[in-house]
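I have placed the structure first, in the form of structure tokens, so that the comments after it can refer back to it.
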Amino acid sequence: MTLRLRLAAAVSAALAVLVAVTQPMASAARAVPGAAPAAVSTSVALDGRAGGRTFDGVGAISGGGGNSRLLVDYPEPARSRILDYLFKPGYGANLQLLKVEIGGDTNSTDGAEPSHQHTASDLDCNRGYEWWLMAEAKKRNPAIKLYGLAWGAPGWIGNGQFWSQDMIDYVMRWLGCAQNHKLAIDYLGGWNERGYDEPWYENLHTTLASRGYRTQVVGADSGWDVADSMAADPAFNSAVDIIGAHYPCEGGDGGSALSCSSSDVAQANGKPLWASENGSLDLDAGADELIRSITRGYIDARMTAYLNWPLLAAIYPGMPYDTVGLAVADQPWSGAYRLGKSLWTTAQITQFAKPGWTFVDAASGYFGGDRANGSYVSLRAHDNSAYSVIAETTTATSPQTLNLNITGGLPTTTAHVWTTDVSSPTAHDNLVHVADVVPAKSGAFTVTLQPGRVYTITTTTGQGAGQAVSPRRADLPLPYVDNFERYRPGSQARLLADMQGSYETVRCAGRPGTCLRQMAPVKPILWQDDSDAFALIGDTTWKDYTVSSDVYWDKPGTIELIGRAGHQSRPQSHQEGYFLRIDDRGSWSIVRSAIDSTLTTLASGKTVAPGIHCWQQAALQLSGTTLTAMLDGKAIGVVDDPTYATGNAGIGVVGYQTDQFDNLRITPAKHGPAPATVTVTAPATLQRGETGTVQAKFAVPAGAPAAHDLELTPSGLAGWTFDPASVHFDQVASGTTVTATWQATAPTLRDTPTENPITVTATYAQRSVQHWSYGKAVVQVPIPPPTGTEYVSDLAFVSTSNGWGPIERDTSNGEQAAGDGLPITLNGTVYPKGVGMHANGSVDLYLGGACTRFTAVAGVDDEVDPYGSVRFTVAADGSTLTTTPVLTNSSDPFAVDVDVTGAQHLTLTVDDAADSNAHDHADWADAKVVCQ
């Protein structure tokens, strides 16, 4: 930013703060333009003799999902500029804590981080990028504290058991690797968000001491319940140095943070209380919640450290949380990056208060005693040489006047006022020095703060905002080629991001040179659900290209090439894209993967068996809607599918084979002749059991090769029947069309949806290569209204949504898999019928005006005792009929009885009562409708 712009920004920001020196006969304060509402006045005595807990710092987390993966591949000087903004004092976020993942070859949100020990006999202290990141952080800020935590682990550990001696030894080897990198690890945790095993923690603490480590143990990176166990077990209490909880503020993961909480037991323990993971917030929109989590986290819950998840989003667009963190760095080829408002909000604390300073409890609170006005915390240096007051007005609707009185040996020298406007889209309003105030001789002065901002009032100096500017964004050009010869063994290939498993360079098997190998030989100890081991690469805007690689089957199994990989949801198996799969026996398929993890085989066949311990070249070509599978340069199958137009490329294996890849190439695809088309027509509506006519027209465009041995086969959801089963044509010439007709009968099954796709598959050969094309029409199959008295769980559901796994019929919600619930149980009473849900969830039922009453017994299922808090709502045709009070696991079951006369649709909803949906297993027990 030029000096002129910077001065203009300071003048603009100065309008947001009104400063008056309070002294005898002081003149009236200057008015702030546009400040119409009257200011709320709060008086604060900041006394250097008063105290509170010790400030431990503000930091961020690299890990919990490969979220720093692309940063290491950034070119200079962009990479150093990003690192400066994150870690350099007086420049940007100035982070004081850095928590990193101890890699375990398993996905922990946005990717998998490599293990330092893939197998029991394997150890490489140079794997991954966390060692590099910690060293770069230390280079910029030698005082930064480092913290290690595992999300998962290789499957060999403890025969799949995390809480084992193997895991203790594994962590000790990781600490040894840190020493090799001249890094001292200050803090160490157990298993991220997976509770705790008391003997394991005691063993860890003892082992650390016996080996001379001064590393402190954090327990347990989950909830505050660890404090209860510590209070009950002196040995466990001695083994834990810091009590760390995740997402302890209102709304939990990604929540509002209007308030925060710990527990009386945790506060009484006397050990530091940390928000050892918080955030999950957009880099700009989440700045309000970030600052509230820190200031209100201390005021409400006495938390003395805050770690934001994640550090930054150095991941491909379309991944979960792709704009979450302090910055976004998703284009290493262009060097482009984006700094978030959250980075500057963090700087309002870290550039003005150092770990080891003391919170002043008596000078921390809410403006006017009302949290709606915003909050403030005061900190002082241990020797009273400086102080800082951090204030946020993110929830205020009017100005806040802060009357400060500095006493007790604290300096009454000039106080500097800095601010960040969290509601402003411009960088000019980030970390701006807006005023200097000289207190009266008594130490008193007044600052009036405008809504929607973060302020720091401080006697410290040396702060600043970096001026480096990001390069422009640009597409990654094709071709992209990597033969892996430039890497040392054990490296990750540039731009290749592991989603599950671990891909790293090794000496090639069966040929000279360096290749890429999938290194996890068995299923890891998971943090989130499993998937095949795969990795993604490249630009999400890539459209028509061929991804090819030499492939080596180390063991019997299946390799994958991936094209047009688009959005991904959690877990990583929920990945949009096309997958070419070829096994060692010659079976191949092109599979379409959907965001809900549904896999649809678009084409499949058999080719010459590659066998194991040999190299072949596989390729997947994507040109328009045409997808071509190739082996050793020869097309083995072609399918037309319009679902995905752009996305990353990738490689993978089905399961955890240690197969190898070489000479990865992504090249522009050549455009071939226009594909054949299938056009389907069908009745708009069929009643259940009704028969109608379905017709398909198959057309070969002029100039395209003739189609031979055409087979047209209709299909639908469960229960549909078609007569005849298929229609055959020997040949369809170029530029001609053929028509096939069927009699289709709609299902009578309960769970038949109202919207039913009818698909006609065309299989045929062009130039001796097998092809597949598809056409589709949609038929509405209405749900009949209920009759008599019927249990809701026996009715067809028009639609459902659920906060965890699927909604269950006649069982509790259970976990993520269908049918994994338990008998519905409320306060010890078992109900054989009902609907099990998880907040936030809903079920929509079609009543057709035929019913008069809905009854149920609502409550939180005993399977989550003592947790859970939910609210139940019954609505008819969009209008709320009744809402229960907030029900917890200790509440009595609530009887629901409402009139639904005339209702067409009935909607049953469960919400999380605005306190996060953790453990919110909610039952509509004995739910019934009374109908005509």
Side-chain angles (χ1 to χ4, degrees), residues 62 65-86 110-111 113 128-129 132-133 136 283 310-319 321-340 468-487 491-499 503-505 514 516 534-549 561-568 575 577 620 622 644-651 661 663-669:
S62 173
N67 33 59
S68 302
R69 169 63 190 92
L70 298 181
L71 179 59
V72 70
D73 290 333
Y74 260 68
E76 293 294 352
R79 184 172 72 174
S80 288
R81 290 172 177 171
I82 297 168
L83 291 165
D84 286 347
Y85 276 118
L86 294 171
D110 282 310
E113 298 207 19
Y129 43 86
W132 165 81
L133 182 63
E136 292 294 327
L283 77 167
L311 172 67
L312 80 169
I315 55 178
Y316 288 120
M319 301 292 294
Y321 307 101
D322 59 357
T323 64
V324 168
L326 305 182
V328 169
D330 59 4
Q331 277 206 336
W333 49 88
S334 71
Y337 59 90
R338 183 158 63 98
L339 306 177
V469 178
S470 167
R472 292 182 180 273
R473 294 181 68 83
D475 294 340
L476 177 60
L478 293 176
Y480 183 85
V481 178
D482 199 340
N483 64 7
F484 311 120
E485 297 301 328
R486 54 179 157 166
Y487 310 107
S491 298
Q492 290 180 285
R494 185 174 184 271
L495 303 187
L496 189 71
D498 295 338
M499 296 294 106
Y503 288 84
E504 66 183 47
T505 53
T514 302
L516 201 66
F534 71 103
L536 300 177
I537 189 170
D539 196 330
T540 55
T541 65
W542 281 349
K543 185 176 181 181
D544 294 331
Y545 59 87
T546 300
V547 52
S548 67
S549 178
L561 294 181
I562 305 167
R564 294 181 182 167
H567 288 91
Q568 184 185 114
Q575 172 69 63
L620 174 62
L622 308 102
Y644 304 127
T646 62
N648 297 103
I651 59 175
F661 297 79
N663 297 319
L664 178 65
R665 298 174 59 87
I666 301 100
T667 57

pair [X]-[Y]: side-chain heavy atoms closer than 4.5 Å:
X	Y	answer
Leu311	Leu133	yes
Tyr316	Asp110	no
Leu664	Ile651	yes
Gln492	Asp73	no

Backbone N or O of [Y] within a donor-acceptor pair of the [X] side chain at under 3.5 Å?
X	Y	answer
Asp475	Pro477	no
Ser491	Thr505	no
Glu113	Gly65	no
Asn67	Ala313	no
Tyr487	Arg494	yes
Tyr337	Leu71	no

TODO: Decide, yes or no, whether a salt bridge links Asp544 with Arg564 under the criterion of side-chain N to carboxylate O below 4.0 Å.
DONE: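 Yes.
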Open item on the list: Which label fits Tyr480 and Trp542: parallel for a plane angle under 30°, tilted from 30 to 60°, or perpendicular past 60°?
Closed with: tilted
Open item on the list: So, using side-chain contact (heavy atoms from CB on, under 4.5 Å) as the criterion, who are the partners of Ser334 when residues are at least two apart?
Closed with: Gln331, Ala336, Ala474
Open item on the list: To the closest 0.5 Å, what do you measure between CZ (Arg665) and OG (Ser549)?
Closed with: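 Reported value, rounded in 0.5 Å steps: 11.0 Å.
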TODO: Starting at CZ of Arg338, measure out to CZ of Arg473 and round the result to the nearest 0.5 Å.
DONE: 8.5 Å
